[in-house]
Amino acid sequence: MLALYIIGKNTSQTFIEANFNVLVQGVNDMSESIKEQTQGISQINEAIAQLESVTQQSVEAVSHSQEISLKVNAMVDEIKAEIKKKQF
């Protein structure tokens with residue numbers, strides 16, 4: 001009877017150890033996946049920051065272009081006015 005008890009105990013202990021090892025491996029796998037996802041999210045955040053920077057630069061360029069366009073239009077209006085004065 002003692003031998004069967006010891007064999008049963010060893011089998012249970014082996015089963016528990018095997019399940020524990022599977023659990024530990026699962027936790028390690030999840031940890032690695034979380035690290036990879038965190039890196040991916042960081043890369044996405046960096047890309048978004050770069051896009052925001054480029055967008056801001058584009059807005060500034062458009063604003064500057066608009067200022068130039070207004071100045072050119074004003075110059076054109078002045079030239080037209082001078083031409084009208086000289087024709088009459």
Side-chain angles (χ1 to χ4, degrees):
M1 283 300 260
L2 185 57
L4 288 176
Y5 172 75
I6 292 173
I7 291 172
K9 185 176 179 184
N10 286 341
T11 302
S12 294
Q13 186 175 2
T14 302
F15 179 74
I16 290 170
E17 287 173 356
N19 283 335
F20 180 77
N21 289 337
V22 168
L23 178 63
V24 168
Q25 184 60 47
V27 170
N28 288 337
D29 290 346
M30 285 192 316
S31 175
E32 187 62 33
S33 293
I34 290 170
K35 286 179 189 176
E36 290 173 2
Q37 289 175 350
T38 300
Q39 289 173 346
I41 290 169
S42 293
Q43 290 173 347
I44 290 169
N45 286 337
E46 288 175 21
I48 288 171
Q50 289 174 354
L51 286 171
E52 287 176 348
S53 176
V54 169
T55 300
Q56 183 60 37
Q57 291 172 4
S58 295
V59 167
E60 291 170 5
V62 167
S63 177
H64 186 67
S65 295
Q66 183 180 16
E67 290 173 17
I68 292 171
S69 176
L70 292 173
K71 288 178 183 179
V72 168
N73 282 339
M75 291 169 70
V76 167
D77 290 340
E78 288 176 18
I79 292 171
K80 284 180 183 178
E82 287 296 319
I83 291 173
K84 283 184 181 180
K85 284 181 188 176
K86 295 190 180 192
Q87 285 181 351
F88 295 108

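Using modelled atom types, no side-chain atom of Ser63 and backbone atom of Val59 make a donor-acceptor pair closer than 3.5 Å. Listed for the Ser65 side chain is a donor-acceptor partner under 3.5 Å among the backbone atoms of Ala61. With hydrogens and angles disregarded, no donor-acceptor distance shorter than 3.5 Å links the side chain of Ser31 to the backbone of Val27. For Ser58 (side chain) and Val54 (main-chain N/O), a donor-acceptor pair under 3.5 Å exists by modelled atom type.
Here the straight-line distance linking atom CG of Leu23 with atom CD1 of Ile16 works out to 13.0 Å at 0.5 Å rounding. Rounded to the nearest 0.5 angstrom, Ile41 CD1 and Ile34 CD1 are separated by 10.5 Å. Here the straight-line distance linking atom CG of Asn28 with atom OG of Ser33 works out to 11.0 Å at 0.5 Å rounding. Here the CE atom belonging to Met75 is positioned 11.5 Å from the CD1 atom belonging to Ile68, to the nearest 0.5 angstrom. Between the CD atom in Gln37 and the CD atom in Glu32 there is a gap of 11.0 Å [rounded to 0.5 Å].
At a cut-off of 3.5 Å, with distance as the only test, a side-chain donor of Gln25 or Asp29 sits close to an acceptor on the other residue.
Under the 4.5 Å side-chain heavy-atom criterion for grouping Ile, Leu, Val, Met, Phe, Trp and Tyr, Leu70 is not connected to Val62 through any hydrophobic cluster.
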